[in-house]
Amino acid sequence: MAWRGWAQRGWSCGQAWAPPVGGRSCEELTAALAPPRLLGRRFNFFIQQKCGFRKAPRKVEPRRSDTGSSGESYKRSALIPPVEETVFYPSPYPIRTLVKPFFFTVGFTGCAFGSAAIWQYESLKSRVQSYFDGIKADWLDSIRPQKEGDLRKEINKWWNNLSDGQRTVTGIIAANVLVFCLWRVPSLQRTMIRYFTSNPASKVLCSPMLLSTFSHFSLFHMAANMYVLWSFSSSIVNILGQEQFMAVYLSAGVISNFVSYVCKVATGRYGPSLGASGAIMSVLAAVCTKIPEGRLAIIFLPMFTFTAGNALKAIIAMDTAGMILGWKFFDHAAHLGGALFGIWYITYGHELIWKNREPLVKIWHEMRTNGPKKGGGSK
């Protein structure tokens, strides 16, 4: 009875326990040696340990890759690569995890718009120069022998028939196709998961916020996103221009991933995310905000049309519900963050950011015109 009671308290009989003395068991020896007044709990505990009872070893449970239900989040979605074997380490101080991504988001957004302003300056300067060069070269083209090649002519004809917006997003689509092909290389799987999926529980936090914008694991996911981007490319470039569009697109990708980080840290549902949906949602939201009466249709149901304003309201409502209810097929927080950024930029951001780029352009113009001063003599 004494052994059974101690076994229930978490004790087990070890392998190297003392053999019976004189043919008597440990329980009999304990009863014989212990005086009646010392048969208390403490004395029994001491004697039974001497007879070979040991504390059962504590089971060490393996650390889970994520906390909460994040393990289920990426196993259920076919749009995310299988990362069951990849170990993520959530920070014991979740708020500190967001410090570096926050400063990266602010810094990258500023650099994106600053670079776009300089790019626009250089483009205008190049167009003026090419115009005068073209006038001089016109008479040479009439006497110069034309280059032959049917394939080259067809490619040039196709390229010239594209709108400015379609030409702009062609490079983005090519980058997404390249990254999609890299996902198919088995030896690059760990690298792709580390740098091309965004997760606040990963050791690499900042660069995946941008690189994951060009990353798709599922062919259907990539095809759907690129089709939407191609469909809205002409409208958004006509509204913003080529340079401003690129700044908005890249900034929206990083901002949407930061919103996703905040939501994952707040809910404890860590898990990897990837795809251009957040950036594309900003494009869609910007167009729908600027042209709310435009008519849209679903690709598989072209007979049903609806206004762009109603479509935007439905998308925001769906992503808000998905974020609150914890739907796991899409990263609804990233979608919502991209859409809200697109609405904000068309409503206020264009006036606050793009129209105040003059000081930067003037500084760049002075640097390009004057250049570094030669000589060091004083006047």
Side-chain angles (χ1 to χ4, degrees), residues 63-75 77 79-115 175-176 179-180 182-183 188-217 221 247-282 319 323 326 328 330-341:
R63 186 175 185 177
R64 298 180 61 184
S65 61
D66 296 325
T67 60
S69 58
S70 60
E72 300 177 359
S73 64
Y74 55 73
K75 289 181 183 179
S77 178
L79 307 181
I80 300 175
V83 293
E84 299 90 24
E85 298 179 359
T86 304
V87 179
F88 299 107
Y89 298 96
S91 172
Y93 306 101
I95 300 300
R96 296 183 184 179
T97 306
L98 301 174
V99 175
K100 288 177 64 178
F102 172 77
F103 285 106
F104 176 78
T105 302
V106 175
F108 180 84
T109 301
C111 291
F113 281 96
S115 301
N176 280 270
V179 175
F180 174 78
L182 293 179
W183 273 109
L188 297 178
Q189 290 291 307
R190 287 187 176 274
T191 302
M192 300 300 293
I193 292 171
R194 185 180 183 122
Y195 293 101
F196 287 85
T197 61
S198 60
N199 188 355
S202 177
K203 293 182 179 179
V204 183
L205 294 174
C206 296
S207 57
M209 297 174 69
L210 174 64
L211 296 178
S212 63
T213 306
F214 300 90
S215 179
H216 296 84
F217 182 77
H221 189 199
V248 171
Y249 182 86
L250 296 176
S251 300
V254 174
I255 291 172
S256 63
N257 275 314
F258 179 73
V259 175
S260 174
Y261 276 14
V262 173
C263 182
K264 289 175 182 178
V265 169
T267 60
R269 299 169 183 166
Y270 295 95
S273 300
L274 73 169
S277 302
I280 293 173
M281 282 296 298
S282 69
D319 285 324
M323 186 178 66
K328 300 174 182 178
F330 296 111
D331 191 342
H332 295 280
H335 288 192
L336 188 61
L340 294 178
F341 175 73

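What you see is a predicted model, and the numbers here were worked out from it, not measured in a lab. Keep in mind that the numbers below use all heavy atoms, side chains included, and drop hydrogens, waters and symmetry copies.
Ring-plane geometry between His221 and His216 is classed as perpendicular, the angle between the planes exceeding 60 degrees on a 0 to 90 degree scale with a lower cut at 30.
Under the side-chain contact (heavy atoms from CB on, under 4.5 Å) criterion, Leu210 pairs with Phe108, Phe214, Leu250, Val254, not counting sequence neighbours. In this view, Phe180 satisfies the ring pair (Phe, Tyr, Trp, His ring centres under 6.0 Å) rule with no residue, not counting sequence neighbours. In terms of the ring pair (Phe, Tyr, Trp, His ring centres under 6.0 Å) criterion, residue partners of Tyr249 (sequence neighbours excluded) are, by chain and number, Phe245.
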- Message: Please determine whether side chain to side chain contact (heavy atoms under 4.5 Å, CB included) holds for the pair Val248 and Phe113, giving the CA-CA distance in whole Å, both sets of side-chain angles, and the decisive distance to 0.1 Å.
- Response: CA-CA 8 Å; Val248 171; Phe113 281 96; 4.0 Å; yes
- Evaluate the side chain to side chain contact (heavy atoms under 4.5 Å, CB included) criterion for residues Phe217 and Leu274: first the C-alpha distance (whole Å), next the side-chain angles of each, then the deciding distance (0.1 Å), finally the verdict. CA-CA 8 Å; Phe217 182 77; Leu274 73 169; 4.2 Å; yes
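A distance of 9.0 Å separates CG in Leu211 from CE in Met192, rounded to the nearest 0.5 Å. Rounded to the nearest 0.5 Å, atoms CZ (Phe196) and OG (Ser207) are 8.5 Å apart. With rounding to the nearest 0.5 Å, the separation of CD1 in Ile280 from NE2 in His335 is 9.0 Å.
Contact annotation: the side chain of Tyr195 never approaches that of Ser215 to less than 4.5 Å [non-hydrogen atoms, C-beta and beyond].
Scanning all heavy atoms of the two residues, the minimum distance from Pro272 to Asn199 falls at N-ND2, 3.7 Å. Across all non-hydrogen atoms, the minimal contact from Arg194 to Lys203 is NH2-CB, 4.5 Å.
Pairs passing the side-chain hydrogen bond (donor to acceptor under 3.5 Å, both in side chains) check and including a residue from residues 98-115, sequence neighbours excluded, do not occur.
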Distance-only criterion, 3.5 Å: show the donor-acceptor pairs between side-chain atoms of residues 256-264 and protein atoms not counting sequence neighbours.
unit_1, atom_1, unit_2, atom_2, d
Ser256, OG, Ala252, O, 2.9
Ser256, OG, Gly253, O, 2.9
Asn257, OD1, Ser198, OG, 3.1
Asn257, ND2, Met209, O, 2.7
Asn257, ND2, Ser212, OG, 3.2
Asn257, ND2, Gly253, O, 3.1
Ser260, OG, Asp331, OD1, 3.4
Ser260, OG, Asp331, OD2, 2.6
Tyr261, OH, Leu205, O, 2.9
Lys264, NZ, Gly271, O, 2.6
Lys264, NZ, Ser273, OG, 2.7

